[in-house]
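The structure under discussion appears below in the form of structure tokens.
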Amino acid sequence: LMQLFRPLDMLGWVYRTIRQGLIDMAAMFRLIDTPVEVSDAPGAPALLVRQPTVVFDNVVFGYEQDRDILHGLSFEVPAGAQVAIVGPSGAGKSTIGRLLFRFYDPQSGRILIDGQDIASVTQESLRAAIGIVPQDSVLFNDTIGYNIGYGREDASAEAIARAAADAAILPFIRSLPEGFDTEVGERGLKLSGGEKQRVAIARTLLKDPPILLLDEATSALDTRTEQEITGTLRRVSRNRTSIAIAHRLSTIADADTIFVLDKGRLAESGSHQQLLRHDGLYAEMWSRQANERVEEVS
Ligand code: ATP
């Protein structure tokens, strides 16, 4: 009888592992809803990033026919700049991330990285160039070391430790009796939201991408953890181009440029101070959120 059950047990394990993997992928790519097939052009070359500039050039895009979400959107992110995309709910912020990752192709217009149209290069090379730090990171039921090294099976223990140090989670890991071999997730140690986020940051750092896409990276955290994580992200964003898709304005006020999106159009752009002086949509969103912050405190 045991012989009969063992394969079933195994199947259960395989199922749980796959399911956990899918959950993780879904969390990592919260940016995807229903990915549409995009394919590499025949003989497509790899993307070569020397200067990680990102350009949206007159991009028109809709998920469905006759309902455009982005209406000829153009903006430029210089190499090494830290920019943020803000705007009301449904403005198309996450859509920009999905297009940059090429889960979809625009109906017209182009998206360029370092001057190369992302539709003309291999998807593999495109995705290797962009690291995502997602909002909610779900971990695999495995060791903390595995979770950091995930996707880079060739990573050495030293490289994993370095990434953990850069993500400011190394002291925490060292404090665990089993260190990097500590099991985490449902079956093991439960990590806090901030710790999970740091594991996700370490995983991204190991990939060492020239472009970072921060997907509302700090929303589920308390204010102090949020500030600490924001500090870590600021540090690891240095020497990279980073694009933050943000709902909370407090974390992105020091971005080099803030792009304010409204109904699929670029409504305003500039630094925090410039946008406050402009006294438009951003200034309105800022004062509304400032009031909410005061209410939270009182
Ligand atoms: P939020 O701040 O609420 O996350 P957002 O600015 O990120 O909003 P998007 O997620 O980019 O907005 O969505 C923009 C528009 O596209 C919305 O009207 C949304 O309903 C629509 N949309 C998003 N994903 C899909 C999809 N897979 N199929 C059809 N429409 C979609």
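Along the sequence shown, the residues carry numbers beginning at 1. Atoms within a ligand are numbered from 1 in the order they appear, just like the ligands themselves. Computed over heavy atoms, backbone and side chain alike; hydrogens, waters and symmetry mates excluded.
Contacts between Ile69 and ligand 1 below 4.0 angstrom, taking non-hydrogen atoms only, involve the side chain exclusively.
Taking a cut-off of under 4.0 Å to the non-hydrogen atoms of Thr95, the atoms of ligand 1 that pass are 9 (P), 11 (O), 13 (O), 14 (C). With ligand atoms numbered from 1 in the order given, ligand 1 contributes 1 (P), 2 (O), 5 (P), 6 (O), 7 (O), 8 (O), 11 (O), 12 (O) to contacts under 4.0 Å with heavy atoms of Lys93. Atoms of ligand 1 found under 4.0 Å from any heavy atom of Glu64, numbered from 1 in the order shown, are 29 (C).
Remark: ligand 1 and Gly92 share an N or O pair separated by less than 3.5 Å (distance only, no angle test). Some N or O of Gly90 is nearer than 3.5 Å to an N or O of ligand 1, by distance alone.
Between Asn58 and Ser74 the shortest heavy-atom distance is N-OG, 2.8 Å. Heavy atoms only, all atoms of each residue included: Gln274 and Ser271 are closest at OE1-N, 2.8 Å.
For Asp154 and Arg152, the salt-bridge test passes: some basic side-chain N is under 4.0 Å from an acidic carboxylate O. Using a cut-off of 4.0 Å between Lys/Arg side-chain N and Asp/Glu carboxylate O, Arg162 and Glu158 are scored as not salt-bridged.
Side-chain atoms of Tyr63 and Thr95 include a donor-acceptor pair closer than 3.5 Å.
In this comparison of Ser94, Ala91, Gly97, Gly87, the heavy atom closest to atom 10 (O) of ligand 1 sits on Ser94.
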Contacts table for residues 168-184: side-chain donor-acceptor under 3.5 angstrom, sequence neighbours left out:
unit_1: Ser175; atom_1: OG; unit_2: Phe172; atom_2: O; d: 2.6
unit_1: Thr182; atom_1: OG1; unit_2: Gly179; atom_2: N; d: 3.4
unit_1: Thr182; atom_1: OG1; unit_2: Gly179; atom_2: O; d: 2.7

